[in-house]
Number of protein chains: 2
Amino acid sequence: MDITSDIHSQHISRQFNHELEELKTHLMAMGGLVEKQVQDAVRSLLDGDSALAERVVDNDRAVNDMQIKIDDECTRVLARRQPAASDLRLVLAVIRAASDLERIGDEASKVARNALELVENHDGSRGFVEVRIISEHVRKMVRDSLTAFARFDTELALQVVQEDDQVDSEYQSAMRSLMTFMMEDARAISPVLGIMWILRALERVGDHANNLAEYVIYLVKGLDIRHTDPDDLGDEVRGDR
Amino acid sequence: MDITSDIHSQHISRQFNHELEELKTHLMAMGGLVEKQVQDAVRSLLDGDSALAERVVDNDRAVNDMQIKIDDECTRVLARRQPAASDLRLVLAVIRAASDLERIGDEASKVARNALELVENHDGSRGFVEVRIISEHVRKMVRDSLTAFARFDTELALQVVQEDDQVDSEYQSAMRSLMTFMMEDARAISPVLGIMWILRALERVGDHANNLAEYVIYLVKGLDIRHTDPDDLGDEVRGDR
């Protein structure tokens, strides 16, 4: 290879790396927006702020637009660069991650719509404690899974995967106590159902964060753990099988 | 190009087409299994057949395995064939579709788990009519979206997208009448909630079928309609804008 073509190919590879970094940057920006959507949706309920709830519903369009943009970028990179091995895995992981972020956005929007109804009917604050606890937990999962993605940090990703079980049990116990409220007071049925939908949406946010974390592990280890028992995960990821 | 290399490249392209066809075939097989899972899950509730419900929960593993296999195949095709344009779109659509089918499998499994509980508690048949109607509707959507995928049939895909709104309104009206049951009889709360979770899962099956249909349109028209208002869709897809 002569010097000119060597410089040329270095240039291409630098350009390509830049494109891959851009993909990650855009994914992180989308993640930041989506995390804020979840936070605002929950805050609109807890503060009884219906204007904020409406803003969250409106902003979902921006989330959707970001996904389409990231998808287009990924498709272009695949078509033009034809990446292999770990670069290919990165692009596929970004496509998947953007799809989960978009669904987190949908869940935030559902939370906001239910909050709007609850706020407008002055439905009291039954279940607010549970909503606050679970929402903080799943928001942490979203944040950590994005950090794990940005840093290719499999230990942190693993932590997120294992946290998902905790959220599930918090969710189950919240649902049981909400059901008791319903049984004690028929007038509570409709508002409590609203809270149940919100909790269900938040629990799904946790599921999507869990997916994000799994992509990180796939990305770094080339290991597909999507359907592995969480208890067996540590060994597989750390490679001591 | 001499004759040998011409034959060689024809051979490669035939081989490549064969691989793409295989991807579609495997996706259809996965779709068939997933559709049966939904059907069996609902039947386990309506017939009070807890053994069938357990079988559905167990079979979810087979669905998950199929997704991993299809994903691996797609990644291999992307790495080895480096497809461009419509072939690239096909592979990406298969990856996305397999992910939606896997989630339909999850929903079927949720239906079965709730059915199991309802059957074991002999919880009567409140809401069964609604479950039957909505499940038939979403199963048709799944079937049609797969057929549309197999035949690259955008008209059929469009029909599925438009049907999703109908399912949503059936779902809303079912939820309202179930809430009335709860208010009339506190003992009905727990079983009716079980039915509500089942309906919610079925409604999400419809959402995933809707996604599948959108991929078909993306595939054929290169048009991303994921976040387009269904009312404006006909024109865009038929190209009379």
Side-chain angles (χ1 to χ4, degrees), chain A residues 60-69 71-72 74-89 91-92 95-96 99-100 102-103 105-106 175-176 178-190 192-194 196-197 200-201 204 207 211 218 222 224-228, chain B residues 60-69 71-72 74-89 91-92 95-96 99-100 102-103 105-106 175-176 178-190 192-194 196-197 200-201 204 207 211 218 222 224-228:
Chain A
D60 193 40
R61 186 182 295 264
V63 175
N64 295 343
D65 288 347
M66 281 173 113
Q67 190 203 0
I68 290 183
K69 208 173 135 247
D71 267 5
D72 283 349
C74 288
T75 310
R76 259 200 317 275
V77 169
L78 286 176
R80 277 184 18 215
R81 304 291 180 183
Q82 310 185 323
S86 69
D87 292 337
L88 175 59
R89 283 212 301 269
V91 178
L92 292 177
I95 290 178
R96 290 189 177 119
S99 154
D100 278 284
E102 192 266 336
R103 286 167 206 237
D106 283 348
M175 292 307 257
R176 274 192 300 274
L178 287 172
M179 194 136 67
T180 318
F181 286 142
M182 282 183 165
M183 290 181 181
E184 284 166 356
D185 179 6
R187 286 163 308 174
I189 290 177
S190 168
V192 168
L193 260 181
M196 283 181 162
W197 297 133
R200 162 61 64 108
R204 291 195 64 88
D207 288 344
N211 292 347
Y218 165 73
D224 203 324
I225 60 152
R226 273 173 291 178
H227 309 293
T228 307
Chain B
D60 193 40
R61 184 181 296 264
V63 176
N64 295 344
D65 288 346
M66 279 173 116
Q67 190 202 0
I68 291 183
K69 208 171 137 247
D71 267 5
D72 284 349
C74 287
T75 311
R76 258 200 318 274
V77 169
L78 286 176
R80 276 183 18 213
R81 302 291 179 181
Q82 311 185 321
S86 69
D87 292 336
L88 175 58
R89 284 213 300 271
V91 178
L92 291 178
I95 290 178
R96 293 192 174 116
S99 153
D100 278 283
E102 192 266 337
R103 286 166 207 237
D106 283 348
M175 292 307 258
R176 275 192 299 274
L178 288 172
M179 194 136 67
T180 317
F181 285 143
M182 282 183 167
M183 291 182 181
E184 284 166 355
D185 179 5
R187 284 163 308 174
I189 290 177
S190 169
V192 168
L193 260 180
M196 282 181 163
W197 297 133
R200 162 62 63 109
R204 291 193 65 88
D207 288 344
N211 292 347
Y218 165 73
D224 203 323
I225 60 152
R226 272 173 293 176
H227 309 294
T228 307

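Within every chain, numbering begins at 1; the chains are lettered A, B, ... in the order of the sequence lines, protein sequences first and strands thereafter.
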Using a strict 4.0 Å threshold on nitrogen-to-oxygen distance, state whether Asp100(B) and Arg103(A) make a salt bridge.
yes

At their closest point, which heavy atom of Met179(A) faces which heavy atom of Ile189(B), and how far apart are they?
CG-CG2, 4.1 Å

Region of Leu78(B) that comes under 4.5 Å of a non-hydrogen atom in chain A
both

Separation between CG of Leu88(A) and CZ of Arg80(B), rounded to the nearest 0.5 Å
12.5 Å

Within the 4.5 Å heavy-atom criterion, are Ser190(A) and Met182(B) side-chain neighbours or not?
no

CH2 on Trp197(A) to CE on Met175(B), rounded to 0.5 Å
3.0 Å

Given heavy-atom pairs under 4.5 angstrom as the criterion, report whether the side chain, backbone, both or neither of Arg81(B) touches chain A.
neither

Is any NZ, NE, NH1 or NH2 atom of the basic residue among Asp71(A) and Arg96(B) found under 4.0 Å from an Asp or Glu carboxylate oxygen of the other?
yes

With rounding to the nearest 0.5 angstrom, report the CG to OG1 distance, Leu92(A) to Thr75(B).
5.5 Å

Considering only heavy atoms, which portion of Arg187(A) lies under 4.5 Å from any heavy atom of chain B: side chain, backbone, both, or neither?
neither

Side-chain touch Met196(B)/Met196(A), heavy atoms, less than 4.5 angstrom:
no

